[in-house]
Amino acid sequence: MVVILLGPPGVGKGTQAAVLAQRPGWTHLSTGDLLREARRNETELGAQAQAYMDAGQLVPDALILDLVKEKLSELPEGQHVLFDGFPRTLPQAEALGPVLERLSRQVDRVLVLEAPPEVLVKRLSGRRTCGGCGRIYNVHFDPPSEEGICDRCGTSLTHRKDDREDTVARRLEVYSAQTEPLIRYYEGSPALLVRIQGDQPMDQVEAAVKHGVEEAG
Ligand code: AP5
């Protein structure tokens with residue numbers, strides 16, 4: 001199966017993807033995580049992406065598509081894929097179809113997580129991420145037991161640079177202009193798209209996401 005998690009910054013895509021990807025046979029492909037990893041490793045892709053990410057802008061489609069094609073080609077056959085933060089523009093969505101077709105695959109489900117802007121801003125201001133294992137926390141809604149330290153691996157937690165207030169506002173604008181139109185694009189195939197209210201407790205969002213995936217399988 002190929003599932004796309006679509007939705008604005010801070011709606012909970014990464015949180016839900018991490019839960020789903022614990023199931024055997026699933027791979028979580030987050031283009032944001034892959035780009036941050038490229039930056040940490042100081043690769044050419046990381047250097048090219050840095051200025052766009054820090055400004056809250058999208059990284060050019062060609063770079064993203066090369067990255068996704070490379071990652072898909074490395075997957076064992078039959079592995080389920082959970083895209084998080086990809087596709088994010090119409091050209092990315094239009095390119096994904098033929099890429100999957102060449103692998104005899106298709107998009108099986110698009111889960112759209114939705115929440116009002118004020119909720120997104122509060123979540124992003126409170127988000128902290130573990131630099132060691134990647135676990136996501138929130139100082140308002142899901143704090144670690146010890147401030148600033150990951151419960152799971154003991155590494156220090158960080159606040160993403162692009163979660164600063166002015167950059168968050170830019171990211172929300174970019175989402176409305178460039179990514180939200182994908183909802184209409186996928187609505188063209190009605191059985192594909194499921195809308196999920198992201199502004200509810202995490203376990204309820206989780207149940208709705210699981211239901212959406214199981215219904216498609
Ligand atoms: P990316 O990393 O993809 O960021 P994003 O889409 O902006 O999404 P976020 O990671 O901010 O939010 P999320 O929905 O995953 O929320 P989370 O689960 O963490 O992209 C970053 C940048 O990379 C982009 O700006 C762009 O430059 C570039 N990029 C990436 N992909 C690209 C592409 N395809 N094309 C071009 N450029 C690309 O949750 C947020 C917080 O809320 C957490 O603290 C969490 O604990 C909390 N939370 C989650 N759910 C709940 C809940 N139900 N109740 C209370 N709190 C909750």
Side-chain angles (χ1 to χ4, degrees), residues 4-21 28-39 45-46 48-69 71 82-96 111-130 134-144 150-151 157-164 167-180 182 196-209:
I4 293 172
L5 278 177
L6 192 63
V11 76
K13 303 181 296 296
T15 301
Q16 294 303 328
V19 174
L20 261 188
H28 173 196
L29 272 185
S30 157
T31 41
D33 286 349
L34 291 170
L35 292 169
R36 281 183 288 277
E37 187 188 341
R39 287 176 62 167
L45 170 66
Q48 287 172 311
Q50 180 158 354
Y52 296 102
M53 295 175 79
D54 288 349
Q57 301 285 0
L58 295 184
V59 174
D61 290 334
L63 294 179
I64 296 291
L65 286 166
D66 283 350
L67 177 66
V68 168
K69 282 182 208 163
K71 291 294 160 189
L82 187 58
F83 282 117
D84 160 12
F86 173 88
R88 220 162 168 124
T89 63
L90 277 174
Q92 289 181 18
E94 284 164 358
L96 178 62
L111 300 173
V112 184
L113 297 180
E114 298 173 308
E118 61 276 14
V119 171
L120 304 173
V121 170
K122 177 145 194 203
R123 284 187 186 175
L124 292 173
S125 72
R127 172 165 57 187
R128 301 291 182 270
T129 311
C130 174
R135 182 165 171 348
I136 303 168
Y137 293 87
N138 196 287
V139 297
H140 309 299
F141 308 112
D142 182 22
C150 179
D151 291 345
L157 303 181
T158 54
H159 190 196
R160 264 169 54 176
K161 203 173 170 186
D162 62 347
D163 280 348
R164 290 185 191 153
T167 315
V168 165
R170 185 77 199 118
R171 285 164 63 202
L172 292 174
E173 282 168 19
V174 167
Y175 175 78
S176 300
Q178 299 192 56
T179 307
E180 216 168 13
L182 291 187
I196 293 173
Q197 181 51 263
D199 183 16
Q200 34 175 359
M202 287 191 202
D203 55 342
Q204 289 180 28
V205 181
E206 191 182 318
V209 165

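We count ligands from 1, going down the list as the structure has it; atoms in each ligand are counted the same way.
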Test your reading of the model: is there a side-chain donor-acceptor pair from Y137 to the backbone of D151, 3.5 Å cut-off? yes
Report yes or no: does K13 contribute a side-chain atom to a donor-acceptor pair with the main-chain N or O of G7 at less than 3.5 Å? yes
For atom 12 (O) of ligand 1, which protein heavy atom lies nearest, and how many Å away is it? G10 N, 2.9 Å
Closest protein heavy atom (residue, atom, distance) for atom 6 (O) of ligand 1: R88 NH2, 2.8 Å
Q92 heavy atoms within 4.0 Å reach ligand 1 at atoms 33 (C), 34 (N), 35 (N), 36 (C)
Taking only non-hydrogen atoms of I136 and a 4.0 Å limit, the atoms of ligand 1 in range are 19 (O), 43 (C), 44 (O), 45 (C), 46 (O)
Atom 47 (C) of ligand 1 has as its nearest protein heavy atom N138 ND2, 3.7 Å
Could a heavy atom of Q204 be found less than 4.0 Å from some atom of ligand 1? no
Closest candidate by heavy atom, reference atom 37 (N) of ligand 1, pool V59, L6, L113: V59
Ring pair (Phe, Tyr, Trp, His ring centres under 6.0 Å) partners for F86, two or more places apart: F83
Can you sort out the partners of R39 under side chain to side chain donor-acceptor pair (under 3.5 Å), two or more places apart, ordered by chain and number? D54
Ligand-side contact atoms (ligand 1) for residue partner T31, heavy atom cut-off under 4.0 Å: 30 (C), 31 (N), 32 (C), 33 (C), 34 (N)
Ignoring hydrogens and angles, tell me if any N or O in the side chain of T179 forms a donor-acceptor pair with the backbone of R88 under 3.5 Å. yes
Would you say the side chain of E114 lies within less than 4.5 Å of the side chain of I196, judging by non-hydrogen atoms? no
What part of R36 sits under 4.0 Å from ligand 1 if we count only heavy atoms: the side chain, the backbone, both or neither? side chain
Taking the side chain as every heavy atom from C-beta outward, state whether V19 and V209 have any atom pair closer than 4.5 Å. no
Carboxylate-amine/guanidinium proximity below 4.0 Å for R135 and D142: yes
Distance filter under 4.0 Å to F141 heavy atoms, resulting ligand 1 atoms: 55 (C), 56 (N)
Report, in ascending order of atom number, the atoms of ligand 1 lying under 4.0 Å from any heavy atom of Q57. 26 (C), 27 (O)
Side chain or backbone, does D162 bring an N or O within less than 3.5 Å of an N or O on ligand 1? no
Using a 4.0 Å cut-off to any heavy atom of Y137, which atoms of ligand 1 qualify? 43 (C), 44 (O), 46 (O)
heavy-atom search around atom 16 (O) of ligand 1 in the protein gives G12 N, 3.3 Å
Below 4.0 Å from ligand 1: does a non-hydrogen atom of D142 turn up there or not? no
Under 4.0 Å to a heavy atom of G198 - the qualifying atoms of ligand 1, by number: 53 (N)
What's the shortest distance from atom 34 (N) of ligand 1 to any protein heavy atom, and which residue and atom give it? G85 O, 2.9 Å
Report yes or no: does R160 contribute a side-chain atom to a donor-acceptor pair with the main-chain N or O of R128 at less than 3.5 Å? no
Just wondering, do I4 and L96 contact through their side chains at under 4.5 Å, heavy atoms? yes
Nearest neighbour in protein (non-hydrogen) for atom 7 (O) of ligand 1: R171 NH2, 2.7 Å
Closest heavy-atom approach to atom 50 (N) of ligand 1 among Q178, Q197, R123 is made by R123
Heteroatom proximity flag, S30 to ligand 1, N/O under 3.5 Å: no
Would you please determine whether L124 falls within less than 4.0 Å of ligand 1 on a heavy-atom basis? yes
I want to know if ligand 1 touches R160 in the polar sense, i.e. an N/O pair below 3.5 angstrom. yes
Is a side-chain N or O of T129 found less than 3.5 angstrom from the main chain of G134, in a donor-acceptor match? no
min-distance protein heavy atom vs atom 9 (P) of ligand 1 -> R127 NH1, 3.3 Å
Quick check: does any side chain N or O of R127 sit under 3.5 Å from a backbone N or O of H159, one acting as donor and the other as acceptor? no
Is K13 in polar range of ligand 1, meaning some N or O pair under 3.5 Å apart? yes
Between T89 and D61, does any side-chain donor sit less than 3.5 Å from a side-chain acceptor? yes
Return yes or no for this condition: an N or O of Q200 is under 3.5 Å from an N or O of ligand 1. yes
Got the closest protein heavy atom to atom 49 (C) of ligand 1, with its distance? T15 OG1, 3.5 Å
Value for CD (Q204) from CD (Q197), rounded to nearest 0.5 Å, stands at 10.5 Å
Any idea which atoms of ligand 1 are less than 4.0 Å away from a heavy-atom of G14? 13 (P), 15 (O), 18 (O)
Check whether any side-chain heavy atom of M53 sits under 4.5 Å from a side-chain heavy atom of R36, and report yes or no. yes
Does ligand 1 have an atom under 4.0 Å from some heavy atom of P8? yes
For L5, is there any backbone N or O sitting under 3.5 Å from a side-chain donor or acceptor partner on D84? no
